[in-house]
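Note sheet for the following structure.
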Amino acid sequence: MSDCIFCQIAAKEVPADLVYEDDQVVAFRDINPQAPVHLLVIPRKHISGLDTAGEADLPVLGRLAAVVADLARKEGLEAGYRLVVNNGPDAGQAVEHLHYHLLGGRKMSWPPG
Ligand code: DGP
């Protein structure tokens, strides 16, 4: 989608600190990090949120999870990390392109805010 900031980052039309890319998935550092490591892991395909992902998107959802686990290892998050999907207004989703927040490098509290 031409007016989607994450589509533009995936297409390299907007700069970002990319840490990983393949034909299906792109990962980059969050512009407003909430932890020492804060990556956003997205599908290249424009999917507005987890609730709009369909059957055909199941392979890319699996790929996203595998890339998250790999990036967590590469970022040295052996002590643990948190994976967050904000879906919809109550969760505070600001960018309507599915993204996994990979947060780590500090102790996390529970419940989240
Ligand atoms: P969410 O609330 O789950 O939709 O989080 C969106 C995240 O995206 C937020 O943590 C800030 C980040 N973000 C928004 N615009 C940009 C951008 O242009 N570049 C980067 N690197 N991150 C962005």
Side-chain angles (χ1 to χ4, degrees):
M1 261 195 14
S2 57
D3 62 344
C4 168
I5 184 71
F6 286 180
C7 285
Q8 290 167 353
I9 287 173
K12 299 194 177 143
E13 294 163 6
V14 166
D17 188 356
L18 258 63
V19 295
Y20 177 84
E21 63 178 321
D22 63 28
D23 59 332
Q24 294 182 74
V25 172
V26 177
F28 51 94
R29 294 194 193 278
D30 194 292
I31 205 167
N32 183 24
Q34 302 300 313
V37 174
H38 187 169
L39 304 181
L40 298 172
V41 187
I42 68 167
R44 276 191 191 278
K45 177 184 172 186
H46 185 85
I47 302 170
S48 62
L50 204 51
D51 55 340
T52 60
E55 282 283 316
D57 299 316
L58 290 178
V60 79
L61 296 183
R63 182 89 198 115
L64 286 169
V67 169
V68 163
D70 205 35
L71 285 172
R73 276 188 288 273
K74 284 187 181 138
E75 294 285 330
L77 302 180
E78 293 84 6
Y81 55 88
R82 184 164 290 169
L83 188 59
V84 172
V85 178
N86 294 322
N87 193 92
D90 271 8
Q93 182 178 6
V95 177
E96 293 202 350
H97 182 128
L98 175 64
H99 50 283
Y100 287 4
H101 294 258
L102 169 57
L103 298 142
R106 67 168 168 82
K107 195 100 175 152
M108 306 277 165
S109 59
W110 192 264

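Atoms within each ligand, like the ligands themselves, are counted from 1 in listed order.
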For [atom], closest protein heavy-atom neighbour:
{"atom": "atom 4 (O) of ligand 1", "value": "A94 N, 2.7 Å"}
{"atom": "atom 18 (O) of ligand 1", "value": "I5 CG1, 3.6 Å"}
{"atom": "atom 21 (N) of ligand 1", "value": "R29 O, 2.9 Å"}
{"atom": "atom 15 (N) of ligand 1", "value": "F6 CE2, 4.2 Å"}
{"atom": "atom 22 (N) of ligand 1", "value": "I31 N, 3.2 Å"}

With the threshold set at under 4.0 angstrom, would you say [X] reaches ligand 1 through any of its heavy atoms?
{"X": "N32", "answer": "no"}
{"X": "I9", "answer": "yes"}
{"X": "Q34", "answer": "no"}
{"X": "H99", "answer": "yes"}

Please confirm whether [X] comes within less than 3.5 Å of ligand 1 when only nitrogen or oxygen atoms on both sides are compared.
{"X": "H101", "result": "yes"}
{"X": "G92", "result": "yes"}
{"X": "F28", "result": "no"}
{"X": "V14", "result": "no"}

Could you report the tightest heavy-atom contact between N32 and H38, atom names first, then the distance? O-ND1, 4.0 Å
Nearest atoms (heavy-atom pairs only) where V67 meets D22: CG2-OD2, 4.3 Å
Where the closest heavy atom to atom 7 (C) of ligand 1 is concerned, which of L39, D30, V84 has it? D30
Ligand-side contact atoms (ligand 1) for residue partner Q93, heavy atom cut-off under 4.0 Å: 2 (O), 4 (O)
Output the list of atoms in ligand 1 that are nearer than 4.0 Å to some heavy atom of N86, sorted by atom number. 1 (P), 2 (O), 3 (O)
Side chain to side chain contact (heavy atoms under 4.5 Å, CB included), that's the test. Do L50 and L61 meet it? Break it down for me. CA-CA 9 Å; L50 204 51; L61 296 183; 4.2 Å; yes
Checking the side chain of [X] only, and the main-chain atoms of [Y] only, is there a donor and an acceptor separated by less than 3.5 Å?
{"X": "R82", "Y": "H101", "result": "no"}
{"X": "E21", "Y": "A27", "result": "no"}
{"X": "Q93", "Y": "S48", "result": "yes"}

Tell me, with the steps shown, if I9 and F28 meet side chain to side chain contact (heavy atoms under 4.5 Å, CB included). CA-CA 9 Å; I9 287 173; F28 51 94; 3.8 Å; yes
Under 4.0 Å from ligand 1, counting heavy atoms only, is it the side chain of L40, its backbone, both or neither? side chain
Below 4.5 Å, heavy atoms only, C-beta onward: do I47 and V60 meet side chain to side chain? yes
Is there a side-chain contact between L98 and F6 in this structure, where contact means two heavy atoms from C-beta onward sitting under 4.5 Å apart? no
Walk me through it: do V95 and N86 pass the test side chain to side chain contact (heavy atoms under 4.5 Å, CB included)? CA-CA 9 Å; V95 177; N86 294 322; over 6 Å; no
Between H97 and H46, what is the ring plane arrangement, given parallel below 30°, perpendicular above 60°, and tilted in between? perpendicular
